[in-house]
S.K.: 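Before we start, here is the structure in question, set down as structure tokens.
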Amino acid sequence: MEAATTATAAMVWLRKGLRVHDNPALDAARRGAGRLYPVFVLDPRYLRPDPAAASPGSARAGLARVRFLLESLTDLDARLRRLGSRLLLLRARDDVADAVCAALKDVSIRPSPPLSMQNLTGFFSSAVGYILTIASQWNIGKLCFESDTEPYALARDKKVTDFAMASGIEVFTPVSHTLFDPAEIINKNGGRPPLTYQSFISIAEEPPEPVMEEYSELPPVGDTGEYELLPVPTVEELGYGDISQEEIPPFRGGETEALRRMKESLQNKEWVAKFEKPKGDPSAFLKPATTVLSPYLKFGCLSSRYFYHCIQDVYRSARNYTKPPVSLTGQLLWRDFFYTVSFGTPNFDQMKGNKICKQYHRIYSPITFGKKYDPNGNYIRHFIPVLKDMPREYIYEPWTAPLSIQKKAKCIIGKDYPKPVVDHETASKECRKRMGEAYASGRLDAIPSKGKPSNLSQRKMSHGDQDASNSSIAKLLKRSRAE
DNA sequence: TTGACGTTGATAAA
DNA sequence: TTTATCAACGTCAA
């Protein structure tokens, strides 16, 4: 007992990866640790209600996602408690990295002004005070957290890593959110992310096996000092007011639910073996044509490697099974593909400054697309009840129905349901025309004028840029010759 | 160097 | 109802 209080203390900082199974960061943190502090920092940027948001939610997440996260935290806490541990929730007043640093070591680096002087209200306003008083008592010797490739996370984690290393704390950041290490894939591809699925597949080999050690117990948390034992807040406590009208999605967060859903899907071995994504019905909502496991993978309630491993198990017992890209494993590989491309592409989430962004001539028709997958319009009938009795042949264009039909369906267009805002045919043609013009003018700017190459802009380009640019120009010239 | 291909979808033509 | 065409470009095989 004496040893437990003096032995090395480790912190596992949880962000995504909200699970006990296949959690290399948790596994590394508990090894040799006398005390283990499993910490999650409530991030105001992610959780604080944003009054300016178009629908209820924070600046970064909608209410459904906020709720899913809170449910996942509740479940994780319960699962840790069964192993003699528990989840320690910290509130960041503003910056998550500051909160983690403060918990790692007695922090005098960022004295916060008295709360009364700050224009802060609500759940997150009282945060840092607690952390400052507990900090020095934890004596963390080792910090483990799962690597995260998103830009916001990279900046946040660098700050924490730099601080921890400078403080003599051992830092371990395994890759376990994706099947593969995106940085390693990019390395193997010569420093650039593979930009087609096929090239990604040819580089990727077999993903690592999941770490599936069954724990009977985890090291105790030990003395939490002055730390206020904070339960997982409710959305109401976070400051989300009148949400009684909000429909709560049927998908509950958490590792327990994730594993249950996965088992349920994988039980039907024939369905698993025959799964082909393009053959699924995207309009199916009562009985989805997919596993609906992606939100669980996103928060790491389910390990993608464990899921992959379990699918392979089913394949082994099947005579025949589908292959990537359409198969279930193919879907996991798509996820890895996009994580890799986004990690290796600056400004991936924007058109501006995004070198691989293709120019968008695709206009989806709200009429044609629906008719193809859901000719009876069941989706519309469910979510827009006023249209539920509209005959099948008019369900996608109810304004074309004769008045007698509209009356019979108890839905007069212009009264019970609005008239079309635009005429799709003319609007899409106009859009297509103007996008074409904008695209053409943009491209022409990039072509050096005859006999007078604009080497000014070319000088700034790397070899790769020149190749890409020249080949585009060649194609454009070829096209204009053909015309 | 060239041509074919890719989780594609919309639309016009046949 | 089926088929051809378009629009983009990285990648790979020929």
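All values below were derived from every heavy atom in this structure, side-chain atoms included, with hydrogens, water molecules and symmetry-related copies excluded. Per chain, numbering begins at 1; letters A, B, ... match sequence-line order.
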S.K.: Given the P atoms of B:dT1 and C:dA8, what is the spacing between them in whole Å?
M.R.: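 Comparing P positions in B:dT1 and C:dA8 gives a spacing of 23 Å.
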S.K.: Check DNA chain B against residues 329-340 of chain A and give the residues with a non-hydrogen atom under 4.0 Å, in numerical order.
M.R.: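 Those residues are A:Gln331, A:Trp334.
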S.K.: Regarding A:His21 and A:Arg305, do their side chains bring together a donor and an acceptor under 3.5 Å, going by distance alone?
M.R.: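 Checked: A:His21/A:Arg305 side chains show no N/O donor-acceptor pair below 3.5 Å.
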S.K.: Exactly one of A:Lys298, A:Arg60, A:Arg156, A:Lys16 should register a salt bridge (Lys or Arg N to Asp or Glu O under 4.0 Å) with A:Glu150. Which one does?
M.R.: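 When A:Lys298, A:Arg60, A:Arg156, A:Lys16 are each tested with A:Glu150, the salt bridge (Lys or Arg N to Asp or Glu O under 4.0 Å) holds only for A:Lys16.
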S.K.: Rounded to whole angstrom units, what separation is found between the CD1 atom of A:Ile203 and the C1' atom of C:dT11?
M.R.: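 It works out to 11 Å between those atoms.
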S.K.: Please report the distance, rounded to the nearest Å, between NZ in A:Lys355 and P in C:dC9.
M.R.: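 Distance, rounded to whole Å: 14 Å.
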S.K.: Which whole-number value in Å describes the distance from A:Asn189 CG to C:dG10 C1'?
M.R.: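 My rounded result for the distance is 11 Å.
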S.K.: Report the nucleotide, chosen from B:dT11, B:dT7, C:dC12, that has the shortest atom-to-atom distance to any side-chain atom of A:His424.
M.R.: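 Minimum distance to the A:His424 side chain belongs to B:dT11.
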S.K.: Could you tell me whether the side chains of A:Tyr308 and A:Asp336 share a donor-acceptor contact shorter than 3.5 Å?
M.R.: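 Short answer, no.
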S.K.: Between A:Thr322 and A:Glu276, is any side-chain donor less than 3.5 angstrom from a side-chain acceptor?
M.R.: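 Judged by distance alone, the side chains do not pair up.
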S.K.: Compare the minimum distances between each of B:dA10, C:dC12, B:dT7 and the side chain of A:Thr368, then state the nucleotide with the smallest one.
M.R.: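 Within the option list, the nearest is B:dA10.
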S.K.: Distance check, C1' atoms only: C:dT2 and B:dT7, in whole angstrom units.
M.R.: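 Result for the C1' pair: 22 Å, nearest Å.
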S.K.: Determine the contact category for A:Pro325: base if any of its heavy atoms lies under 4.0 Å from a base atom, sugar-phosphate if only primed atoms, P, OP1 or OP2 are that close, otherwise nothing.
M.R.: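 Sugar-phosphate contact only.
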S.K.: What integer distance in Å separates A:Leu195:CG from C:dC12:C1'?
M.R.: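 From A:Leu195 CG to C:dC12 C1': 14 Å.
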S.K.: Under 3.5 Å, which donor-acceptor pairs link side chains of residues 178-192 of chain A to any protein atom two or more places apart or in another chain?
M.R.:
{"from": "A:Thr178", "atom 1": "OG1", "to": "A:Phe180", "atom 2": "O", "distance (Å)": "2.6"}
{"from": "A:Asp181", "atom 1": "OD1", "to": "A:Ala183", "atom 2": "N", "distance (Å)": "3.0"}
{"from": "A:Asn189", "atom 1": "ND2", "to": "A:Arg192", "atom 2": "O", "distance (Å)": "2.6"}

S.K.: In whole angstrom, give the distance that lies between atom CZ of A:Arg192 and atom C1' of C:dT11.
M.R.: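 Interatomic distance, CZ of A:Arg192 to C1' of C:dT11: 11 Å.
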S.K.: State whether the side chain of A:Gln331 and the backbone N or O of A:Pro325 hold a donor-acceptor pair below 3.5 Å, judged by distance alone.
M.R.: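 Looks like yes, one N/O pair under 3.5 Å.
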S.K.: Would you please indicate yes or no on a ring centroid separation below 6.0 angstrom for A:Tyr296 and A:Phe68?
M.R.: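 They qualify: ring centres under 6.0 Å apart.
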S.K.: Can you run through DNA chain C from 5' to 3' and write each base as (, ), [, ], | or . depending on how it pairs? Watson-Crick or G-U wobble, both distances under 3.5 Å.
M.R.: |||||||.||||||
S.K.: Rounded to whole Å, how long is the line connecting atom CD1 of A:Ile356 with atom P of C:dC9?
M.R.: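 Rounding to the nearest Å, CD1 of A:Ile356 and P of C:dC9 are 12 Å apart.
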S.K.: Please verify the inter-ring angle class for A:Tyr197 with A:Trp334; under 30° counts as parallel, over 60° as perpendicular, anything in between as tilted.
M.R.: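 Judged by the thresholds at 30° and 60°, the geometry between A:Tyr197 and A:Trp334 is parallel.
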S.K.: How many whole angstroms separate atom CG of A:Asn354 from atom P of C:dG10?
M.R.: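 Roughly 12 Å, once rounded to whole Å.
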S.K.: Give the rounded distance in Å between these two atoms: NZ of A:Lys371 and P of B:dA10.
M.R.: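 Interatomic distance, NZ of A:Lys371 to P of B:dA10: 12 Å.
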S.K.: Does any N or O in the side chain of A:Arg45 come within less than 3.5 Å of the main-chain N or O of A:Ala59, such that one atom is a donor and the other an acceptor?
M.R.: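 Checked: no pair found.
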S.K.: Quick one: label A:Gln198 by what it contacts on the DNA or RNA (base, sugar-phosphate, nothing), any heavy atom closer than 4.0 Å.
M.R.: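 If one applies the 4.0 Å heavy-atom cut-off, A:Gln198 turns out to touch the sugar-phosphate alone, with no base involved.
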